[in-house]
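Each chain gets a letter, A, B and so on, in the order the sequences are listed, and its residues count up from 1.
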There are 2 protein chains.
Amino acid sequence: MFDIDPWLIRTHTLAKDDKRLQESLTAIGNGYMGLRGNFEEGYSGDSLQGTYYGGVWFPDKTRVGWWKIGYPEYFGKAINGPDFISMPLTINNVPIDLAKTPFHDFYLSLDMHNAVLHREFIVDLPDTQVQLSFDRFMSNDIRQAAVIRMTATTLQGSADIRVESRLDSNVHNEDSNYEEMLWQELGRHADSNGTSYLTVITKPNPYDVPRFSITLSMTNHLTSPAPATRTAEDGSLLVQEDLSWHLGEGESSTLTKFVTVVTSRDIPTDKQVEAGQDLMSKVAHKGYDALLAAQNKIWRERWDMADVVIDGDDEAQQGIRFNLAQLFMTYYGDDARLNIGPKGFTGEKYGGATYWDTEAYIIPMYLSVTPPKVVRQLLEYRYNQLAGAFHNAQQQGLKGALFPMVTFNGIESHNEWEITFEEIHRNGAIAHAIAQYTDYTGDHSYVDDHGIEVLVAISRFWADRVHFSKRKGQYMIHGVTGPNEYENNVNNNWYTNTMATWTLRYTLKMLPEAKASQREKLAVSAEEKAHWQDIIDRMYYPEDKKLGIFVQNDTFLDKDIRPASSIPADQRPINQHWSWDRILRSPFIKQADVLQGIYFLNDEFTMQQKERNYDFYEPLTVHESSLSPSIHAILAAELGKEDKAVELYQRTARLDLDNYNNDTDDGLHITSMSGSWLAIVQGFAGMRQHADKLSFKPLLPKHWHKYTFAINYRDRIIQVTVDSSGATLQLLKGDPLTVWVYDKPEELTASVRA
Amino acid sequence: MFDIDPWLIRTHTLAKDDKRLQESLTAIGNGYMGLRGNFEEGYSGDSLQGTYYGGVWFPDKTRVGWWKIGYPEYFGKAINGPDFISMPLTINNVPIDLAKTPFHDFYLSLDMHNAVLHREFIVDLPDTQVQLSFDRFMSNDIRQAAVIRMTATTLQGSADIRVESRLDSNVHNEDSNYEEMLWQELGRHADSNGTSYLTVITKPNPYDVPRFSITLSMTNHLTSPAPATRTAEDGSLLVQEDLSWHLGEGESSTLTKFVTVVTSRDIPTDKQVEAGQDLMSKVAHKGYDALLAAQNKIWRERWDMADVVIDGDDEAQQGIRFNLAQLFMTYYGDDARLNIGPKGFTGEKYGGATYWDTEAYIIPMYLSVTPPKVVRQLLEYRYNQLAGAFHNAQQQGLKGALFPMVTFNGIESHNEWEITFEEIHRNGAIAHAIAQYTDYTGDHSYVDDHGIEVLVAISRFWADRVHFSKRKGQYMIHGVTGPNEYENNVNNNWYTNTMATWTLRYTLKMLPEAKASQREKLAVSAEEKAHWQDIIDRMYYPEDKKLGIFVQNDTFLDKDIRPASSIPADQRPINQHWSWDRILRSPFIKQADVLQGIYFLNDEFTMQQKERNYDFYEPLTVHESSLSPSIHAILAAELGKEDKAVELYQRTARLDLDNYNNDTDDGLHITSMSGSWLAIVQGFAGMRQHADKLSFKPLLPKHWHKYTFAINYRDRIIQVTVDSSGATLQLLKGDPLTVWVYDKPEELTASVRA
């Protein structure tokens with residue numbers, strides 16, 4: 001859909017037949033808010049209008065066929081919020097609507113340097129041609145601010161231009177559970193010369209979930225050759241400023257719309273108008289150019305730490321930058337109350353909630369490409385939601401904490417029993433993220449304080465959740481769903497059992513070094529520790545010695561084992577063709593399961609174990625989760641299966657840009673976007689970090705000439721370049737250190753060639 | 001709540017605090033329609049108003065958290081239909097409403113002889129006392145007719161009485177999915193001297209399910225000492241005839257309301273008014289007394305064939321008659337398009353649809369207590385729904401027929417994947433019912449024609465649903481839910497595997513004797529038969545040789561096995577206290593599973609096998625299905641565990657009358673009502689029928705003096721009496737035959753003492 005370009009997502013074609021996809025791919029955000037690539041002037045064709053505000057959500061009543069005890073009362077969903085880009089416009093009384101109005105020279109681009117969206121086109125009216133261009137960005141300097149700049153130039157004839165610049169909360173979610181209006185108006189003021197504002201609040205709910213209020217303010221600055229008429233209007237859930245002016249032939253005018261957004265997450269409702277005005281003064285005082293300059297600076301710093309340069313594969317180059325840019329637009333650790341939703345700010349699916357994706361797939365990358373405080377914020381997010389996790393465990397009659405599968409506030413808000421109640425392995429990933437942060441950064445201050453509280457709470461959950469099988473004389477975990485969601489309610493999922501005992505081990509290991517006050521508060525008795533140790537010692541792990549593999553779960557090997565390649569092409573993906581029971585009893589695996597455990601605990605397994613398991617499981621895997629190929633690519637690279645690593649990498653690299661799963665029209669696969677980075681850095685470059693040892697075993701994919709990336713590691717920036725002659729490591733910032741390259745220690749002072 | 005009486009459900013107390021329960025227990029029906037024990041004059045207190053018409057239902061959109069391929073589009077539900085008993089009345093301008101009006105000498109009774117509901121009370125008004133009495137029944141002679149007779153007598157003072165006799169379709173289901181009105185009016189006519197009628201139709205649906213129309217007609221006959229004023233009124237979805245008359249002191253009047261009901265199931269909408277009028281002429285011509293006499297005759301014949309007399313336990317006596325009466329009010333085989341819903345005509349829960357309950361629990365009793373044509377109709381019901389069963393299998397990508405878990409038309413309309421897609425054992429029970437009918441009646445005409453079609457279709461399903469485990473070299477059935485719904489998505493449920501191969505065996509056995517035209521049409525090839533035989537020969541059944549038991553499913557024995565008695569009392573029933581995952585991984589069993597198989601295929605197992613399995617599984621069973629205790633009581637009796645048999649029998653005998661599960665306010669547990677009969681006849685009296693051999697091994701529960709029952713067996717009525725001195729068998733009707741009593745053959749010519 002877009003041209004190949006190293007830094008731009010650009011096209012000269014308006015994708016009328018695939019507008020939603022184009023909108024998803026041109027979504028922008030700043031971690032505080034974000035929106036899809038909708039058009040300011042409106043669009044009457046098929047389109048998914050979406051503006052989302054971090055942490056603003058609504059609890060929708062759980063609807064199920066048959067209520068089961070323990071079900072969450074509500075399903076939380078990020079909701080479509082007030083639209084602030086809206087600027088319907090007419091030229092010579094003709095409404096401009098690219099679904100209907102004749103136009104040419106269309107150009108649309110998202111600049112990944114700075115997350116600025118640009119669009120321009122020339123409208124063809126009777127005897128008149130007007131070029132319109134739009135630029136917009138969500139400021140990373142003043143995160144409550146967005147800026148939209150429209151420039152109109154008459155190329156031929158003259159134009160009477162009229163713009164209705166709006167703040168409009170007449171929006172709704174497309175999701176079928178939301179047939180009604182979720183926003184109510186609290187106040188509004190339309191001002192043709194000052195600042196207009198609109199305050200809205202989510203409708204009441206019966207679940208004690210706070211109602212969210214938002215105040216949007218706007219001012220409109222117009223430079224025009226002729227004097228403009230300004231009036232203001234308001235309506236229900238809407239304010240607008242109407243501007244009319246005349247452009248003679250060859251004349252040009254620019255309208256800049258500054259918007260500020262404050263929400264009840266930060267400012268009490270009754271102070272929002274004032275806070276919005278204050279922010280607006282700041283924003284308007286800075287002006288467009290200064291805000292853009294600040295934007296450029298912030299993004300330059302991000303890229304300096306994170307950029308990946310691929311020489312010899314322009315598509316891959318564009319793909320990796322797109323993924324990094326979209327992730328940074330979604331989250332950069334500015335607010336510990338927020339997390340990374342599977343669709344970020346680009347769509348409504350999956351409800352913008354937090355999943356285990358963050359710990360499993362995002363943190364391993366963010367540790368290397370952002371400052372440590374970014375990941376630290378993600379850890380604090382879980383710590384701050386411990387109360388909800390205790391609640392979730394209690395709902396199941398269990399001790400300790402069960403972090404939720406889907407949440408905004410720590411309380412589980414997903415209602416498929418086989419997921420909510422049984423996909424408890426998520427607790428393992430949340431514990432493991434603490435270890436990853438601690439091991440990678442060397443910073444023990446989290447694990448020794450907040451972290452140990454999370455670890456003990458999770459360990460207590462595992463200790464209560466296992467049962468002792470008298471017959472086998474071992475501990476077991478029955479009734480779970482592993483990462484492979486194509487099996488449900490299985491017994492002894494190897495991954496879950498493994499991560500459970502890993503958590504117990506790690507907690508026992510870290511407890512002695514924890515802050516004394518925490519140790520006292522947590523009061524883990526000798527008896528409790530002994531019980532944990534007993535579980536560690538006598539846990540049952542399904543294994544097949546003959547095949548030399550860990551078995552995904554009890555009875556897995558009784559299935560009709562056959563490779564995914566035996567599935568007829570017209571039945572792929574199976575989740576769009578097969579009934580659920582058929583998927584469940586098939587041997588086909590959605591995403592890494594045993595292999596996810598081997599990926600997480602990479603140093604605990606021999607190459608032979610890795611190879612046997614990889615060779616057994618990968619052929620059964622249909623990779624129908626966008627989270628799947630990257631993990632397999634990393635292991636394939638480690639095992640020297642370069643072609644397979646490349647093939648799997650390619651499935652992650654441009655998943656959205658090439659609409660690989662044919663569902664990007666709903667929004668981007670944000671939490672999968674780390675996959676291509678992981679496949680390059682942990683896969684091709686073989687980066688590992690374990691026990692204070694940073695190591696690489698780089699390989700160069702055949703069709704690439706060279707690739708370069710930087711990582712942030714313990715106050716250093718290390719740049720790694722891999723080309724046909726080998727790898728070059730360069731210390732861009734920080735003190736010397738020893739790194740292992742191809743299993744050999746190298747003292748990295750400035751640059752090392754290996 | 002009700003007095004103990006052998007033939008009456010009677011009380012002198014209006015249960016204001018438990019009105020719904022009283023309504024459930026005084027529900028009446030005639031197989032064509034039925035209604036709860038609501039009051040004619042209305043009742044402003046808590047009440048569940050319900051009138052239901054056999055086969056009249058509505059498809060409600062399936063609502064789930066996450067859509068899975070194969071889900072039914074709609075959930076079918078019997079709907080609350082037009083109310084025809086409604087007769088609001090005032091006396092001296094005071095509305096009579098037992099929630100508010102002072103009254104005394106209340107009496108309510110349901111006569112099980114003839115299914116007539118009687119109610120009377122004296123209202124206390126200023127200076128006036130009026131006795132009101134109501135009788136009503138749904139005619140078993142003219143099944144489209146209902147009759148209500150009200151008699152008013154002034155005991156003190158005089159009374160101006162005004163009655164609004166209504167047909168009223170302003171009704172709705174309480175079920176939360178039905179917030180809207182489901183009925184639309186097609187026509188109405190209110191006539192103060194002739195016949196009023198109301199025609200309504202269910203609202204449109206997008207699923208190609210026919211809309212149902214109903215025309216109700218009524219005439220009101222009044223005998224009063226003073227002339228009555230009659231007017232008629234109509235409104236939306238309502239017609240009424242208003243009657244006003246005067247009663248002097250000591251005077252009495254009787255109002256008889258005849259109602260006829262025709263539906264689009266039998267009469268096209270445009271012919272219904274005429275058909276209703278014709279029926280009304282017939283009904284009114286017969287009159288109340290003749291209709292009642294016909295009613296009595298029909299019910300006397302039923303009781304002659306089915307009555308159970310228990311001497312020494314009045315509560316048990318009342319319980320068994322109540323169960324028989326309610327079952328006969330629900331279904332007596334008059335219409336092969338109808339079946340037996342779990343709540344019959346007594347409530348809305350479970351949607352009035354057909355479950356496997358019919359084949360598993362009702363047919364074994366109905367074979368003995370009703371004429372063979374009744375069960376034959378139930379078999380034809382499934383045959384007629386074969387198209388739906390093929391559709392269901394196809395939804396899962398499988399060959400053959402999968403009969404539905406929940407249905408009105410053969411198409412599955414339940415939406416829990418673990419039930420709909422996986423509780424496929426239902427197919428086995430449906431096949432087994434054919435064998436039961438054939439073996440018991442000796443009539444092969446069903447199995448040789450329609451039956452073989454059903455059997456082959458089910459066999460083809462099983463043959464496609466199994467898979468071959470290369471590792472074990474055996475066939476397996478993965479991903480099922482057995483009768484024990486407290487486990488989901490298990491592998492190799494012994495019961496399911498056993499019933500699957502039983503079906504294949506029985507089909508292969510019956511195929512050669514089937515009608516040639518059917519054999520030709522079904523075209524079961526030699527190869528297909530060989531494949532079925534291979535599945536029979538190489539099916540895997542989980543078994544534990546050491547324990548000497550069949551294992552409920554793979555890995556069941558790895559559970560934390562402990563008896564249900566270890567569950568704290570305040571956590572029972574567990575389905576109201578434990579989260580679903582906890583129930584699933586517990587060892588506790590909802591209802592007979594392995595033991596259900598042993599019950600069905602009773603002659604295939606040794607006493608030792610029965611005992612080992614019973615002793616292992618019964619202690620794990622929480623009997624939280626009303627279908628559970630009876631099956632266990634039968635096996636306990638067979639194993640000589642008399643006390644246990646009695647204890648379990650008692651849980652079925654008065655389940656509703658004593659509101660044992662505390663949920664009878666919703667409606668009666670109709671399909672569980674056979675349980676007490678089965679426990680007495682197959683349990684205490686040890687009746688078995690296998691290979692043309694009818695046998696008994698009677699025992700007398702300690703606290704009973706004597707019990708007597710009759711069974712209908714191959715054109716004979718055999719009465720069995722068991723007392724402390726042994727058993728007496730008497731041939732009440734039909735030719736002599738040999739029966740086995742305590743394993744000895746006895747020639748039954750007139751009476752046999754054993």
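The two atoms that bring A/N488 and B/N489 nearest to each other are O-ND2, 2.5 Å, heavy atoms only. Nearest heavy atoms, B/S579 versus A/G70: CB-CA, 4.3 Å.
Contact of A/N491 with chain B is made through the side chain alone, with heavy-atom distances under 4.5 Å. There is no contact between A/I583 and chain B, counting heavy-atom distances below 4.5 Å. Residue A/E418 touches chain B through its side chain alone, counting heavy-atom pairs closer than 4.5 Å. When heavy atoms are compared at a cutoff of 4.5 Å, B/I561 approaches chain A solely by way of its backbone atoms N, CA, C and O. Interface remark: B/N415 contributes side-chain atoms only to the contact with chain A (heavy atom separation under 4.5 Å). When heavy atoms are compared at a cutoff of 4.5 Å, A/E416 approaches chain B solely by way of its side chain, counted from C-beta outward. At a 4.5 Å heavy-atom cutoff, the contact between A/D560 and chain B is made by backbone and side-chain atoms alike. If you measure heavy-atom distances from B/L557 to chain A, the contacts under 4.5 Å come from both the backbone and the side chain. For A/K68, the part lying near chain B is the side chain, with the backbone staying farther off; criterion is any non-hydrogen pair under 4.5 Å. For chain B, no part of A/H414 is nearby; none of its heavy atoms comes within less than 4.5 Å.
Applying the ring pair (Phe, Tyr, Trp, His ring centres under 6.0 Å) criterion to A/H425, with sequence neighbours excluded, gives A/W356, A/Y495.
The aromatic rings of B/W417 and A/W580 sit perpendicular to each other, their planes meeting at more than 60°, with 30° as the lower class boundary.
Side-chain contact between B/I69 and A/N575: absent, with no pair of heavy atoms (C-beta onward) separated by less than 4.5 Å. Taking 4.5 Å as the limit, every side-chain heavy atom of A/R465 sits out of range of all side-chain heavy atoms of B/R582.
Listed for the A/D581 side chain is no donor-acceptor partner under 3.5 Å among the backbone atoms of B/E422.
Interatomic distance, B/K559 NZ to A/S469 OG, rounded to the nearest 0.5 Å: 12.0 Å.
Checked against B/D558 for a side-chain hydrogen bond (donor to acceptor under 3.5 Å, both in side chains), the options A/K470, A/H467, A/Q474, A/R471 give a single hit: A/R471.
With chain A as partner, the option from B/F421, B/Y540, B/W578 having the largest number of non-hydrogen pairs under 4.5 angstrom is B/F421.
By the neighbour-count criterion of 12 heavy atoms within 6.0 Å, atom CD of A/Q394 is sparsely surrounded, having that number or fewer from other residues, nucleotides or ligands.
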